[in-house]
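Bear in mind the structure is a predicted one, so any value in this text is a computation, not a measurement.
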Amino acid sequence: MIVWGRVATERVTGVPGVDVRAVRRFVREAVSSGSSVDLGDVDLLTAEIATNAVRHTASGKPGGGVWVTVLSAPERVRVEIQDDGGADTLPEIPAGDEWGESGRGLLLVSELAHAWGVKVTGDGQRQVTVWFEVAG
């Protein structure tokens with residue numbers, strides 16, 4: 001069982017939609033300074049998930065945003081990013097051309113994270129939370 005030492009949550013917005021740099025900044029600041037995780041991996045995975053929210057959901061539209069939650073323990077960090085809903089499809093690792101120009105974000109998440117997953121709200125808005133955990 002993981003005992004999270006610190007939990008930080010914030011809604012990140014921007015103009016016209018989410019500013020991915022602000023999401024990354026919030027996560028970096030929220031991770032405990034004593035953490036042994038690879039902060040480069042946390043930063044990269046955060047950017048990939050936040051970018052997907054901007055590109056594929058209402059989070060990227062004017063007034064859009066994401067809820068970001070960071071749970072940290074000395075040897076583990078969990079990041080959860082919930083979008084504003086409105087996507088036509090659910091996040092998945094696409095089968096396809098590994099030389100294509102896009103579509104590898106969740107593949108990176110699956111390879112670099114120790115655990116990851118997707119939660120969908122059942123309230124009709126179909127907001128999606130993508131989460132990952134990185135261990136030190």
Side-chain angles (χ1 to χ4, degrees):
M1 180 171 134
I2 300 169
V3 177
W4 300 111
R6 181 171 181 209
V7 178
T9 300
E10 182 173 301
R11 177 143 171 97
V12 179
T13 60
V15 176
V18 175
D19 181 351
V20 173
R21 293 170 300 180
V23 175
R24 292 172 54 212
R25 187 177 321 111
F26 172 74
V27 170
R28 282 193 306 268
E29 291 172 358
V31 173
S32 302
S33 60
S35 178
S36 65
V37 302
D38 184 332
L39 296 178
D41 285 352
V42 172
D43 194 55
L44 174 63
L45 301 181
T46 297
E48 291 294 340
I49 293 171
T51 299
N52 282 350
V54 170
R55 291 184 72 194
H56 302 293
T57 75
S59 295
K61 295 180 180 172
V66 292
W67 282 100
V68 183
T69 300
V70 180
L71 302 98
S72 49
E75 296 188 18
R76 196 168 196 93
V77 169
R78 179 180 175 116
V79 176
E80 301 176 351
I81 299 177
Q82 181 182 22
D83 64 40
D84 281 347
D88 293 329
T89 61
L90 294 177
E92 64 180 8
I93 298 172
D97 180 12
E98 61 269 3
W99 296 103
E101 292 184 22
S102 64
R104 288 185 297 278
L106 287 179
L107 180 60
L108 282 172
V109 173
S110 73
E111 292 298 317
L112 294 176
H114 287 80
W116 76 283
V118 176
K119 298 184 289 186
V120 181
T121 61
D123 62 1
Q125 293 184 359
R126 200 170 165 196
Q127 294 170 308
V128 174
T129 301
V130 179
W131 62 270
F132 68 87
E133 294 182 9
V134 175

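Salt bridge Arg55/Asp83: absent, no basic N to carboxylate O contact under 4.0 Å.
At least one donor-acceptor pair closer than 3.5 Å links the side chain of Ser59 to the backbone N or O of Asp84. Remark: the backbone N or O of Gln127 is paired with a side-chain donor or acceptor of Thr121 at under 3.5 angstrom. Looking at Thr51, its side chain never comes within 3.5 Å of a backbone N or O of Glu48 through a donor-acceptor pair. Looking at Thr13, its side chain never comes within 3.5 Å of a backbone N or O of Val18 through a donor-acceptor pair.
In plain terms, the two heavy atoms of Val12 and Ala22 that are nearest each other are CG1-CB, 3.7 Å. Counting all heavy atoms, side chain and backbone alike, Pro91 lies closest to Leu106 at CB-CD1, 3.6 Å. The shortest non-hydrogen separation linking Trp131 to Glu80 is CB-CG, 3.7 Å. Of all non-hydrogen atoms in Arg78 and Glu133, the two that sit nearest each other are NH1-OE2, 2.8 Å. Closest non-hydrogen pair, Val109 versus Phe132, comes out as CG1-CB, 4.2 Å.
Side-chain heavy atoms closer than 4.5 Å link hydrophobic residues (I, L, V, M, F, W, Y) into clusters, and following such links, possibly through other members, connects Trp116 to Val120. Residues Val20 and Leu112 are members of one and the same hydrophobic cluster, defined by side-chain heavy-atom contacts under 4.5 angstrom among Ile, Leu, Val, Met, Phe, Trp and Tyr. Note on Leu45: it clusters hydrophobically with Leu107, by side-chain heavy-atom contacts below 4.5 Å among ILVMFWY residues.
Around the CZ atom of Arg11, the shell of radius 6.0 Å holds more than 12 heavy atoms that belong to other residues, nucleotides or ligands.
Considering CD of Gln82 and OG1 of Thr69, their distance stands at 8.0 Å, rounded to 0.5 Å. Atom CD of Glu75 sits about 10.5 Å away from atom CD1 of Ile2, to the nearest 0.5 Å. Note that CD1 of Ile81 and CD1 of Ile49 are 5.0 Å apart. Values are rounded to the nearest 0.5 Å. Distance check: Thr89 OG1 to Arg126 CZ gives 7.0 Å after rounding to the nearest 0.5 Å.
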